[in-house]
Amino acid sequence: MAASNSKSKKQASSKAKKSDKVCEKCGKVGCDCASKDRRGNGHTPSTPDQNSSAQPSCCYRTMKYTLFALAVFLGQIAISVTLKRYGIIERDFNEIVAERVQPHIEKTIMSMPQFNDSMYWVRNFNDTFNRNSDPQQFRPGYQLAQKGAKAHYPIIMIPGFVTSALELWEGRECAKNSFRRRIWGGLGMFQHFLSDRHCVVDHLTLDPLTGMDPEGVRIRAGIGFEAADYFAGNYWVWSKLLENLADLGYDGNMMEMVTYDWRIAYPLLEERDGYMTKLKYRIEAMVKFTGKKVVMTSHSMGCSVVHFFFQWVTTSVKEGGGGGGKDWVDKHVHAYLNIAGAQLGAAKTASSLLSGEMSDTAFVGPVGDLVEQILGRKARKDLWMSWGALWTLLPKGGAGVWDIGADLNVT
């Protein structure tokens with residue numbers, strides 16, 4: 001009798017355990033799939049708690065490994081390009097990978113008949129960019145120099161938004177060891193963000209009332225070509241242009257990079273740094289030294305800085321301008337070259353100021369998730385809204401310019 005009672009208790013316990021299980025295949029509770037699984041023709045059910053906890057854990061682990069692999073990959077690239085830039089190694093990570101992988105890709109693609117004619121450039125890639133050939137022969141500046149072109153007009157360069165370095169001249173306690181270090185630009189920028197992003201954001205944020213640096217903080221633009229030739233590592237901005245101009249005979253006597261704090265509203269650039277006045281004197285000095293008018297060139301937001309400068313320099317001192325006279329530009333500027341300038345603003349500026357989101361952060365996949373963890377949208381929005389210069393990039397022209405189909409001719 002005792003044995004039968006014990007047997008019935010075990011059966012009841014087995015049924016209770018079975019009733020707690022949900023079959024992964026049929027979705028039923030308390031099915032006999034476990035017994036079928038022992039015979040080799042079933043499957044093993046699992047409990048709801050196991051299912052709900054296993055999936056997030058797996059996703060978290062996968063995301064962690066993915067981010068770690070991405071960090072290692074980016075670290076290899078950053079280290080290799082930096083070592084190459086300073087002449088420690090001859091080839092960087094990108095070149096080594098391209099050299100080893102490219103022939104296999106080319107062989108595979110060219111074996112496909114449909115690509116034989118349409119991808120002529122792939123077949124000739126190795127011949128065009130042969131590693132054993134002299135790279136300077138592919139530079140437009142070098143090619144023009146071989147045809148007799150030489151430096152003539154002096155050049156003034158105005159960089160764009162976020163692409164020139166910012167240096168810390170005075171900071172709070174968290175940045176006491178960063179005097180004159182770049183808080184923006186260069187590989188050190190990423191080190192600062194990863195070590196103490198709140199400190200970096202606190203220093204980059206402008207005073208909402210004055211539009212300038214908050215009390216106890218002084219950030220100023222880096223000076224010279226090195227402040228805007230590379231953004232970070234081997235990510236070039238102006239370096240290729242400088243190299244090609246050097247092929248023609250240009251140097252520091254014939255061209256100049258006039259950097260500025262791209263966070264500050266343009267009138268405040270003159271009030272705080274005397275930027276417009278210094279730019280005017282530099283152009284006049286260049287004209288006097290060379291005996292020729294200058295060619296001004298700008299990139300991105302730099303075009304609106306140039307337009308503001310033209311308006312300022314031709315306005316009388318009494319009205320708050322530079323007092324150069326209405327013909328100052330004609331006397332000192334031979335030509336103006338605009339490189340990817342935001343003449344009518346940039347559409348993503350509106351979303352950046354409204355939500356802290358833009359195309360650069362919304363469509364980068366897992367990297368966007370990493371950016372969100374390091375600096376969330378709310379923090380980005382508050383930071384960007386404090387930058388007076390960013391408001392000048394809001395789209396101009398209304399629906400007549402930005403509406404769907406506005407660029408089409410309607411008859």
Side-chain angles (χ1 to χ4, degrees), residues 156-169 182-185 189 200-214 217-223 227-228 231-232 237-238 257-280 282 296-313 315 320-322 336 338-361 375 377 379-397:
I156 298 292
M157 304 174 186
I158 310 295
F161 184 63
V162 309
T163 54
S164 54
L166 298 178
E167 298 178 350
L168 182 66
W169 284 80
R182 290 187 176 183
I183 196 170
W184 185 270
M189 170 182 62
V200 175
V201 172
D202 184 45
H203 282 75
L204 288 175
T205 302
L206 298 175
D207 189 298
L209 297 179
T210 64
M212 293 189 279
D213 288 324
V217 174
R218 269 191 300 154
I219 293 178
R220 299 294 182 263
I223 300 174
F231 174 65
V237 184
W238 287 87
M257 182 77 66
V258 188
T259 57
Y260 59 96
D261 188 340
W262 37 261
R263 304 171 301 153
I264 306 293
Y266 305 152
L268 297 181
L269 277 177
E270 172 62 19
E271 178 182 335
R272 192 193 74 175
D273 301 335
Y275 180 80
M276 304 301 165
T277 300
K278 294 175 183 177
L279 179 58
K280 175 176 178 285
R282 285 177 177 176
M296 295 192 69
T297 179
S298 64
H299 171 238
S300 183
M301 191 180 77
C303 79
S304 57
V305 175
V306 171
H307 289 312
F308 182 88
F309 170 73
F310 286 162
Q311 183 68 30
W312 175 87
V313 76
T315 302
Y336 168 53
N338 172 28
I339 305 174
Q343 300 277 19
L344 296 175
K348 61 184 178 183
T349 306
S351 60
S352 302
L353 293 172
L354 289 173
S355 65
E357 191 65 282
M358 58 181 177
S359 59
D360 304 71
T361 56
L375 190 63
R377 278 175 288 180
R380 297 198 300 266
K381 173 179 173 291
D382 294 341
L383 173 64
W384 293 338
M385 287 188 68
S386 73
W387 294 350
L390 192 58
W391 293 86
T392 65
L393 291 179
L394 285 171
K396 306 172 183 65

[atom1]-[atom2] distance between [X] and [Y], expressed to the nearest 0.5 angstrom:
X	Y	atom1	atom2	result
M385	S352	CE	OG	11.5 Å
S386	L209	OG	CG	11.5 Å
L206	L268	CG	CG	9.0 Å
T349	L390	OG1	CG	5.5 Å
T163	H299	OG1	NE2	6.0 Å
L166	M189	CG	CE	10.0 Å

Partners of [X] by ring-ring contact (aromatic ring centres under 6.0 Å, His included), sequence neighbours excluded?
X	result
W169	F179
F310	none
W312	none

Would you say [X]'s side chain and [Y]'s backbone share a donor-acceptor pair under 3.5 angstrom?
X	Y	value
S300	G160	no
K278	E270	no
W262	A165	no

For [X], check side chain to side chain donor-acceptor pair (under 3.5 Å) against everything at least two apart and list the hits.
X	answer
S355	none
T392	Y266
T259	none

Item to check | Residue pairs fulfilling salt bridge (Lys or Arg N to Asp or Glu O under 4.0 Å) with at least one residue in residues 381-394, sequence neighbours excluded | outcome: K378-D382

Next on the checklist: Working note: S298 + Y336, criterion side chain to side chain contact (heavy atoms under 4.5 Å, CB included); need CA distance, chi angles, decisive distance, verdict.
Outcome noted: CA-CA 8 Å; S298 64; Y336 168 53; 2.6 Å; yes

Considering all heavy atoms of both residues, which atom of [X] and which atom of [Y] are nearest to each other, and what is their separation?
X	Y	value
P159	V258	CD-O, 3.4 Å
K348	S351	O-OG, 3.0 Å
H203	L168	CD2-CD1, 3.8 Å
V162	W184	O-NE1, 2.8 Å
L269	Y260	CD1-CD1, 4.0 Å

Listed partners of [X] passing side chain to side chain contact (heavy atoms under 4.5 Å, CB included), at least two apart:
X	answer
A342	L393
T297	I155, M157, W238, L337, I339
R272	M212, D213, R220, D261, R263, I264
P214	R172, V217

Checklist entry - Should we say atom CG of L344 is surrounded by more than 12 heavy atoms from elsewhere, each under 6.0 Å from it? => result yes

Item to check | Counterpart residues, salt bridge (charged side-chain N to carboxylate O under 4.0 Å, His left out), relative to E167 (two or more places apart) | outcome: R180

Checklist entry - Does the separation of the ring centres of W391 and W384 fall below 6.0 angstrom? => result no

Item to check | Heavy-atom side-chain proximity of D202 to V200 below 4.5 angstrom | outcome: no

